[in-house]
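Written below as structure tokens is the structure these notes are about.
Along the sequence shown, the residues carry numbers beginning at 1. Please read these numbers as outputs of a predicted model, since none were measured by experiment.
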Amino acid sequence: MMAFISYGKTAFYASFFLRNHADALAAASASVAAVTGVTLQPIGLLGLMLGILLGGAGAVGVMLGGWLADRAGRRDVRGYMTAPTIAAIAQIPFFVAALYVANLWASLALLCVPGVLTAFWFGPVFATVTGLVPVRVRSTAGAVLQLVINIIGLGFGPLTVGLLSSGLSSQAGDGASLRLALAICSVAGLFAAMFFHTARRHLPRDMTS
């Protein structure tokens with residue numbers, strides 16, 4: 001579910017900013033050209049900013065989520081699912097705020113927080129899956145997990161956001177409809193948290209067996 005949320009949102013970040021912050025991006029592009037002498041079109045500047053900010057946030061989230069899970073898991077194996085559960089819920093208000101704030105730079109800054117939180121699940125989930133199966137099939141289990149993540153995340157995440165945005169555009173307009181579709185996608189984190197919490201309850205028994 002978190003892959004569904006992550007891929008669904010990431011596919012439309014550029015479209016969101018171009019539809020809702022076009023004037024601010026044009027002004028920022030002109031300012032960069034005036035200060036550095038480097039001419040970047042608004043879409044080029046946006047791609048650079050998103051790549052640096054969200055790439056960095058994702059890297060921090062993967063490492064931080066794994067570190068927190070290891071610390072919690074040493075005391076109780078259920079701790080491996082604690083950080084992803086909390087992060088799946090905590091990312092919602094920050095992401096919605098990033099969508100609705102009027103200032104471009106505030107939106108980008110706020111977006112870094114869910115960028116970190118939505119990556120918390122990678123380490124704990126892969127570690128848990130490989131810990132639930134015998135050593136001889138760990139590579140297969142990891143491969144199957146990656147397959148499922150990509151089928152659900154890449155296959156249905158962007159598709160769902162796009163369908164929602166298209167369905168809402170006749171009433172809200174392109175910019176507002178995409179904003180609402182992304183917000184709805186983010187709220188799906190509640191379901192992810194529910195699944196993580198359910199897994200947390202069953203981990204001690206499954207790890208033992």
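For A97, the side-chain contact (heavy atoms from CB on, under 4.5 Å) partners are L110, not counting sequence neighbours. Judged as a side-chain hydrogen bond (donor to acceptor under 3.5 Å, both in side chains), and not counting sequence neighbours, the contacts of R179 are N20. Annotation: side-chain hydrogen bond (donor to acceptor under 3.5 Å, both in side chains) contacts of S29 (sequence neighbours excluded): none.
Hydrophobic cluster membership for V35: none, as no Ile, Leu, Val, Met, Phe, Trp or Tyr side chain comes under 4.5 Å of it.
Under the side chain to side chain donor-acceptor pair (under 3.5 Å) criterion, no residue pair touches residues 115-141, with sequence neighbours excluded. Note on residues 48-58: no pairs pass side chain to side chain donor-acceptor pair (under 3.5 Å), not counting sequence neighbours. Pairs engaging residues 4-44 under the ring-ring contact (aromatic ring centres under 6.0 Å, His included) rule: F16-H21, F17-H21 [sequence neighbours left out]. Sequence neighbours left out, the pairs with a member in residues 78-89 that pass salt bridge (Lys or Arg N to Asp or Glu O under 4.0 Å) are D76-R78. Screening residues 92-115 for side chain to side chain donor-acceptor pair (under 3.5 Å) gives no qualifying pairs among residues at least two apart or on separate chains. Among residue pairs with one or both ends in residues 60-75, none qualify as salt bridge (Lys or Arg N to Asp or Glu O under 4.0 Å); sequence neighbours excluded. Screening residues 85-94 for side chain to side chain donor-acceptor pair (under 3.5 Å) gives K9-Q91, Q91-S186 as the qualifying pairs, with residues at least two apart or on separate chains.
Surrounding CZ of F126 are more than 12 heavy atoms belonging to other residues, nucleotides or ligands, all under 6.0 Å away.
The CZ atom of F196 lies 12.0 Å from the CD1 atom of I86; values are rounded to the nearest 0.5 Å. In this structure, CG in L178 is found 10.5 Å from SG in C185, a value given to the nearest 0.5 Å. To the nearest 0.5 Å, atom OG of residue S169 and atom CG of residue L180 are 11.5 Å apart. In this structure, L182 CG and I5 CD1 are separated by 12.0 Å, a value rounded to the nearest 0.5 Å. With values rounded to the nearest 0.5 angstrom, L111 atom CG is found 7.5 Å from L50 atom CG.
M63 and I52 fall into different hydrophobic clusters, where Ile, Leu, Val, Met, Phe, Trp and Tyr are joined by side-chain heavy atoms under 4.5 Å apart, directly or via other members. Taking hydrophobic clusters as Ile, Leu, Val, Met, Phe, Trp and Tyr residues chained together by side-chain heavy-atom distances below 4.5 Å, M194 shares a cluster with I152. Cluster membership for L53 and L46, using ILVMFWY side-chain heavy atoms within less than 4.5 angstrom, is shared. Linking Ile, Leu, Val, Met, Phe, Trp and Tyr whenever their side-chain heavy atoms come within less than 4.5 Å leaves I89 and F195 in two separate clusters. Hydrophobic cluster membership is shared by V62 and V125, with clusters built from Ile, Leu, Val, Met, Phe, Trp and Tyr side chains linked at under 4.5 angstrom.
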Show which side-chain atoms of residues 36-43 pair as donor or acceptor with protein atoms under 3.5 Å away, not counting sequence neighbours.
residue : atom : partner : partner atom : Å
T36     : OG1  : V32     : O            : 2.6
T36     : OG1  : V38     : N            : 3.1

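The minimum heavy-atom distance linking C112 with A57 is given by the pair O-CB, 3.6 Å. In terms of heavy atoms, V161 sits closest to G8 at CG2-O, 3.6 Å. Closest heavy-atom contact between A193 and A88: N-CB, 3.9 Å. In terms of heavy atoms, S165 sits closest to A181 at N-CB, 3.7 Å. Across every non-hydrogen atom of P124 and G65, the tightest pair is CG-O, 3.8 Å. The minimum heavy-atom distance linking G73 with Y80 is given by the pair CA-CE1, 3.6 Å.
Using a 4.5 Å heavy-atom cutoff, the side chains of V137 and P134 are in contact. A heavy-atom distance below 4.5 Å is found between the side chains of L18 and L25.
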Worked check of side-chain contact (heavy atoms from CB on, under 4.5 Å) between V187 and F191: CA-CA 8 Å; V187 173; F191 293 99; over 6 Å; no
